[in-house]
Amino acid sequence: MYDLLYLVFAFPLAGFLVLAFARGRVGERLAAAIGVGSVGLSALLTAALAGQFLSHPPAGGAYTQTLWHWMSAGAFDVRFALRLDGLSLSMMGVITGVGFLIHLFAAWYMRGDEGYARFFSYMNLFVASMLFLVLGDSLLFLYLGWEGVGLCSYLLIGFWYKDPANGAAARKAFVVTRVGDTLFAIGLFLLFHSLGTLDIQQALSLAPQQFAPGSPTVTLITLLLLGGAVGKSAQLPLQTWLPDAMAGPTPVSALIHAATMVTAGVYLVARTHTLYELAPFSLHLVGGVGAVTLLLAGFSALVQTDIKRVLAYSTMSQIGYMFLAEGAGAFQPAIFHLMTHAFFKALLFLAAGAVILACHHEQDIFKMGGLRKKLPLAYACFLVGGGALAAFPYLTAGFYSKDEILWQAYASGHIGLFWAGLFGAFLTSIYTFRLIFIVFHGEYRGHGEVHAGHGLAYGLPLVVLLILSTFVGGMIHQPLSGVLPANPAEEGGALQQQVAALSGAVAIAGIALAGALFLGERRFVARLAQSAPGRWLSRWWFAAFGFDWLYDRLFVRPFLYVTRVNAADVFDLAVAGIATGLRALYRGSVRSENGRLRWYAASMAAGAVLVIAAVIYL
Amino acid sequence: MTEATTLPLEHALILSGILFALGLLGILARRNVLFVLMSIEIMMNAAALAFVAAGSRWHAADGQILFILILTLAASEASVGLALVLQIYRRFGTLDTDAAGELKG
Amino acid sequence: MEFAFDLSAAVAVIATLLAISSLDPVHALLYLIVSLLAVAMVFFAIGAPFAGILEVIVYAGAIMVLFVFVVMMLNLGRAAVEQERRWLTPRVWAGPAVLALVLLAELLHVLGRMPAAAGIGEGTIGARAVGAALFGPYLLAVELGSMLLLAALVAAFHLGRNE
Amino acid sequence: MNAMFTTAQWLALSPILIVSATIVGAMIAVAFRRHHWWNATLVAVGLNLALLAATWLVLPLLVDGLPVAWQAPLHALLGPSPLPQFVTPLLVIDSYAAFYMGLVLAAALATATLSYAYMEGHKGNQEEVYLLLALSTLGGLVVVCSRHFAAFFIGLELLSIPLYGMVGYLVRERRSLEASVKYLVLSAVASAFILFGMALIYSQTGTLLFAEIGARAAAVAGAGQTILLVGGGLLLAGIAFKLSLAPFHLWTPDVYEGAPAPVTAYLATASKTAVFALLLRYYVEARGYDHRALIDVLSAIAILSIVIGNVLALLQDNLKRLLAYSSIAHFGYVLVAFIAAGPLAVEAVGVYLLTYVVTTLAAFGVVTMMSSPYRDHDADTLWDYRGLFWRRPYLTAILTVALLSLAGIPLTAGFIGKFYAVAAGVDKNLWLLLAVLVLGSAIGLYYYLRAMVQLYLRAPWVRRYAAPLNWARGTGGIMLLALMLLMLWLGVYPTPFIAVVQAAVLGGQ
């Protein structure tokens with residue numbers, strides 16, 4: 001059974017190849033069948049593997065499948081190997097399960113688009129790369145998958161490439177994450193330099209012998225890896241690309257920019273947790289980055305008017321929770337939240353996609369309103385998904401994971417992180433229900449008839465994700481105990497009950513406040529927004545604290561300035577000089593090829609004379 | 001010739017060296033393909049002479065065997081080369097090697 | 001014997017020099033044949049009579065006749081000799097001559113210092129010995145030689161055809 | 001006759017015998033009745049059988065690399081390998097020879113396929129090219145298993161003389177004739193160098209066997225050593241010509257350009273591979289590595305070849321000439337592995353030549369497929385390839401992969417080869433050579449990409465051109481697709497190929 005592991009990513013890869021080589025000559029039905037079917041097969045296989053893993057766990061809690069030795073010349077040996085353990089199984093479940101549902105939804109969502117087959121080929125390539133990322137046994141292959149998902153993200157953000165704004169958004173995402181990737185790559189080199197291996201398990205077992213806790217090298221390595229992680233996961237200070245990434249089709253936002261790729265940073269930190277445990281400073285920084293990001297993103301989400309941007313900021317904020325949990329040493333709750341978040345955020349994005357299509361590609365929430373009767377399924381999805389996002393107590397999946405994070409932060413003594421998380425939860429419930437109340441309550445303010453979607457491809461993914469976003473999803477147990485360190489704090493006890501009650505109360509209070517502010521007439525909000533500090537704050541938050549502005553001033557403009565000033569500088573001259581020199585060398589040497597037989601013979605004779613002279617006199 | 005007395009090997013090798021250099025000179029200096037082919041024969045012959053002389057030094061038939069093989073080669077080379085000469089004369093109207101200089105650069 | 005060797009060697013060198021510098025292809029071929037006959041003499045002098053006979057029969061007899069045949073077919077006349085005269089100026093042959101002389105100097109430098117012990121021509125290696133070797137250990141070389149001639153035949157046939 | 005050889009020797013000789021029989025058969029067939037398809041097929045079948053025979057010889061040696069469960073039954077089925085076999089003093093057929101025989105035969109087969117596609121459009125005698133190809137292949141087979149100067153030399157000539165005919169095959173074409181006469185004259189000069197060098201070596205050691213030369217060379221006194229070295233130097237100069245190494249490289253682009261495209265493919269792959277295999281065997285068995293001066297000369301030649309080959313290719317606008325210059329550089333790279341010496345070097349050379357042959361065949365194969373419909377001369381300027389992607393996407397894909405592989409981009413065959421060359425160099429601390437290799441590869445990237453970009457540009461006058469797909473182009477096309485897959489396979493999963501190369505050890509002493 002386990003030896004079928006490679007098929008999990010082989011199916012989507014095959015789907016990609018078939019669709020890519022068909023070059024758009026397949027019809028929609030066939031493209032959907034291939035694109036959705038391949039991921040569906042992966043999901044089925046993952047389910048079977050999970051069953052096997054839980055009933056008959058492999059020896060040592062992990063199964064390694066060596067696909068092949070790439071090459072071994074001298075001491076250098078590289079192998080392609082996949083590793084199935086609790087962590088990669090959990091990730092695989094999310095990627096293939098949620099991925100399949102989103103593919104299915106996309107089959108409905110993308111109908112009529114001229115790039116239908118192209119869309120599914122990219123999506124399949126993405127799923128294959130993402131699986132490669134989580135299954136790769138070596139950091140080298142993790143990096144390969146890492147770049148692969150980055151490429152797919154770029155291709156899919158700019159999927160509607162005819163609008164230059166989409167291209168710009170894609171480029172921005174690519175460039176910003178590239179900054180992180182570069183740091184990541186340097187970190188890998190450094191790791192290889194100090195441990196002599198990129199094999200993950202080997203590196204993790206060697207690290208404690210090689211590095212003293214808190215040593216500068218391991219701190220530097222973990223910081224560089226963190227650079228990659230914050231880039232991919234849109235955390236401070238490389239978070240600015242994610243809201244713009246919403247330019248892609250909505251299923252892309254659901255799959256890549258909510259459920260899977262953006263959580264790769266969380267996965268990376270969890271995978272290399274041994275290194276972070278050796279570098280307490282880096283681990284603290286992970287928590288700090290998460291806490292600050294979740295607050296900033298929460299404030300920004302409060303004032304957004306684009307339905308997808310609200311969700312994008314909420315994604316940043318939720319990933320902030322995962323980083324926060326990892327910073328507190330609670331790796332298992334982080335991965336747990338990763339999963340529940342994938343369920344409810346995918347649900348919210350798909351439902352948002354349904355709303356957007358129903359309103360004729362309208363994304364401004366203030367041009368919607370009163371949709372609860374016209375789109376009852378989308379409304380239900382938003383209620384449950386939003387409840388889970390706001391961690392509505394006991395009924396939703398989000399509550400279980402977020403409460404676990406808060407409890408671990410509190411109990412392990414990270415009081416600052418705890419309060420930040422708690423306040424963030426309050427913000428979350430406000431902006432989430434602000435969104436729901438504005439979109440689904442009140443009067444319809446849009447143009448044109450609202451028409452709900454229908455069909456299996458439309459309904460099934462929503463319903464399944466809806467169920468998973470309730471407490472059902474919270475009941476799923478992930479087999480992480482062998483892979484990730486135990487939680488820092490004990491479970492149970494009265495104290496945990498109190499923390500749970502507190503966080504539940506905060507969530508409900510936030511919902512209530514949102515109801516008071518945004519249900520019915522919004523006079524108070526309007527007055528608040530009109531006031532001078534209110535205007536200033538909302539503008540500031542709307543622009544996500546002006547990071548784009550800041551980066552534009554700090555990096556982009558100076559860089560452009562420097563390039564302009566330096567258009568003909570010494571470096572340029574040196575580079576141009578090499579080119580000119582080579583050209584001159586070419587012109588000089590090409591004269592030797594004058595086509596004359598006697599000259600050629602003479603060159604041979606001269607060569608022979610030189611060779612003989614060399615062997616005589618050397 | 002049966003009562004041959006000893007000759008120094010280097011004399012024979014020097015003779016073959018001179019012939020070899022002369023053959024090379026012919027190839028480098030002549031523009032007519034026909035002369036170039038003749039010069040190639042001279043070089044081959046020089047190498048053959050060196051083999052026979054060396055074989056004589058070691059009292060072995062190997063040198064003369066190689067001579068025979070070189071003879072085979074010289075015949076092959078000459079026949080293909082002369083066929084080519086005929087064809088070139090037909091196509092180019094001249095035997096000047098410098099005239100055939102379309103390929104260059 | 002030494003005298004015979006020296007005489008033939010001198011003839012060979014002079015005839016070769018004349019062959020490569022002659023303007024008329026027919027004259028050049030005749031000089032070349034003289035040179036080959038002289039080399040055959042050398043072969044006799046150093047105790048390789050079989051090689052000498054082959055040199056006369058195959059080299060001077062067959063291959064050179066092939067050349068003569070082609071020269072006759074081409075029917076190069078006075079004009080060709082005139083052209084050769086124009087081509088063969090010191091400017092053309094000076095460079096090659098220097099190159100060839102340097103090569104010769106290198107060879108002479110090396111060969112002149114050879115250990116004196118090595119002598120040749122003490123005994124004779126006759127046709128019987130060569131034949132025995134040829135159809136003994138060198139059997140495959142003979143077979144391959146036939147293939148070589150076949151290759152030359154096919155190539156010459158194809159290249160020389162008047163399509 | 002029969003008494004001379006044992007059964008095992010006959011068996012070991014079988015590839016050579018099969019090709020010889022094919023030559024005779026093909027000649028009789030041509031004399032009996034000229035028919036393009038029949039003659040081509042006859043030769044192709046013969047080459048295939050020879051390839052099978054060569055494979056069969058090494059198969060028992062490869063079994064040990066397979067899963068344990070398969071080993072016993074396969075050993076029982078195949079029996080012990082007859083290798084190595086010494087057949088007369090001239091030849092040794094060991095697994096090394098069998099590997100390179102396979103490589104030469106495979107290249108010859110690919111050439112035969114390409115020739116068929118190419119010669120369909122030729123209005124003269126089409127059949128001789130197969131005869132010449134088989135003769136030249138026979139020479140290649142002899143070369144890779146020779147252990148004696150006589151076989152060395154006769155094999156080399158048997159390899160070259162048919163090539164004169166093949167290069168000048170299009171006798172009505174001035175460029176083809178010009179290429180042929182250049183190749184003939186210069187090759188003959190190189191042969192004379194080789195022969196004179198051999199004679200000098202023989203005059204000092206008194207033996208023509210490689211291994212004996214190695215054993216006796218050390219005992220040669222004083223000035224004799226210098227003569228030996230001069231002989232070795234002359235030999236090297238001649239071989240360097242055949243491998244088109246600088247400064248003996250000037251003929252390469254002219255002959256590549258003038259020769260018909262499939263012949264160029266053969267010249268660039270089978271002929272050079274065989275000669276390189278011979279050079280390596282000679283150096284190992286005759287202990288050429290003991291002579292520091294010769295190795296220094298080789299190093300200089302390698303550096304010069306890499307630099308000159310890459311520089312000359314830089315702004316080249318003719319694809320055939322570009323590939324010619326790049327082949328000069330490539331043999332410089334493989335020379336780096338050669339100079340490193342030792343078992344890893346033998347392995348590295350094998351891997352490099354394997355990847356080089358596959359890649360080069362694909363590149364010239366595309367040129368052939370592009371050229372055959374034209375009557376005048378081959379499609380060889382980069383202009384002919386401008387915007388090819390929009391007309392012939394599959395050929396473009398093949399050429400793209402081939403160019404990437406030549407540039408040594410990871411996950412293509414070329415990367416594996418170059419990686420091995422570097423590994424062999426690092427193993428022996430050849431830093432100067434490695435630096436030049438890296439520099440050369442960097443320059444190389446430029447012109448390969450420059451050629452590649454042309455394929456995807458939209459030509460201002462998109463010629464809506466598609467050749468009719470008949471059977472001939474079909475086989476050629478399938479062969480090229482297979483080569484492309486092979487390039488990728490070699491790049492992604494080279495292990496089985498490396499196992500084959502590792503089994504190819506020099507067994508003759």
Side-chain angles (χ1 to χ4, degrees), chain B residues 1-2 4-15 17-26 28-32 34-35 37-39 41-42 45 49 52-53 55-57 59-65 67-69 71-76 78-80 82-87 89-90, chain C residues 1-2 5 9 12-13 16-17 19-20 25 28 32 36 39 42-44 46-51 54 58-59 63 66 70 73-74 84 87 92-93 96-97 99-100 103-104 107-108 111-112 114 118-125 129-130 133-134 138 141 145 148-149 152 155-156 159-160 162:
Chain B
M1 309 294 147
T2 44
T5 50
T6 303
L7 277 166
L9 171 62
E10 64 257 39
H11 286 198
L13 287 184
I14 285 169
L15 173 62
I18 293 170
L19 292 180
F20 192 78
L22 283 176
L24 189 64
L25 175 62
L28 300 185
R30 303 304 298 243
R31 279 169 73 166
N32 189 328
L34 212 52
F35 283 96
L37 289 179
M38 281 186 226
S39 305
E41 298 300 323
I42 296 170
N45 190 42
L49 171 62
V52 174
S56 187
R57 173 191 175 179
H59 302 292
D62 294 345
Q64 293 189 54
I65 304 269
F67 167 79
I68 293 169
L69 294 179
L71 216 55
T72 318
L73 171 67
S76 311
S79 58
V80 179
L82 289 172
L84 210 49
V85 162
L86 290 177
Q87 194 67 252
Y89 196 66
R90 206 173 288 145
Chain C
M1 269 306 109
E2 195 146 3
F5 177 89
V13 171
T16 308
L17 195 58
I20 61 166
L32 194 50
L36 293 173
V39 171
V42 170
F43 286 162
F44 284 113
I46 60 178
F50 186 56
L54 281 184
V58 180
Y59 232 129
I63 300 178
L66 196 61
V70 169
M73 269 179 80
L74 292 176
E84 290 294 333
W87 281 345
V92 171
W93 57 255
L99 210 50
L103 182 72
L104 185 60
L107 289 177
L108 292 180
L111 295 173
M114 200 146 84
I120 53 174
E122 280 171 48
T124 300
I125 304 150
V130 175
L134 204 53
Y138 285 99
L148 190 64
L149 289 172
L159 290 177
N162 191 0

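The chains referred to below are lettered A, B, ... by the order of the sequence lines, with proteins before strands, and numbering in each begins at 1.
Residue contact with chain B, scored on non-hydrogen atoms closer than 4.5 Å, involves the backbone and the side chain of C/Leu111 alike. Only the side chain of C/Val42 comes within contact range of chain B, judged by heavy atoms closer than 4.5 Å. Heavy atoms closer than 4.5 Å to chain B are found in both the backbone and the side chain of C/Val130. Using a 4.5 Å cut-off between heavy atoms, C/Leu32 contacts chain B through its side chain alone, with no backbone atom that close. Heavy atoms closer than 4.5 Å to chain B are found in both the backbone and the side chain of C/Leu54. For C/Phe43, the part lying under 4.5 angstrom from a heavy atom of chain B is the side chain only. With a 4.5 Å cut-off on non-hydrogen atoms, C/Leu107 touches chain B through its side chain but not through its backbone. Heavy-atom distances place both the backbone and the side chain of C/Leu149 under 4.5 Å from chain B.
Between chain C and the options B/Leu69, B/Asn32, B/Leu37, B/Leu24, the largest number of non-hydrogen pairs under 4.5 Å is found for B/Asn32. Of all the listed residues (B/Leu34, B/Ile42, B/Leu71), the one sharing the greatest number of non-hydrogen pairs under 4.5 Å with chain C is B/Leu71. For chain C, the option among B/Gly55, B/Ala53, B/Gly63 with the highest count of heavy-atom pairs below 4.5 Å is B/Ala53. The most heavy-atom pairs under 4.5 Å with chain C, out of B/Ala12, B/Ser39, B/Ala78, come from B/Ala12. Counting heavy-atom pairs under 4.5 Å between each of B/Leu15, B/Leu82, B/Thr72, B/Ile18 and chain C puts B/Leu82 at the top. Ranked by heavy-atom pairs under 4.5 Å with chain C, the first of B/Asn45, B/Leu13, B/Leu19 is B/Asn45.
Put simply, the residue from B/Leu86, B/Val85, B/Leu84 that forms a side chain to side chain contact (heavy atoms under 4.5 Å, CB included) with C/Leu159 is B/Leu84.
Within the 3.5 Å criterion, the main-chain N or O of B/Glu41 finds a donor-acceptor partner in the side chain of C/Tyr59.
Among all heavy-atom pairs drawn from B/Gln64 and C/Ile125, the shortest one is NE2-O, 3.1 Å.
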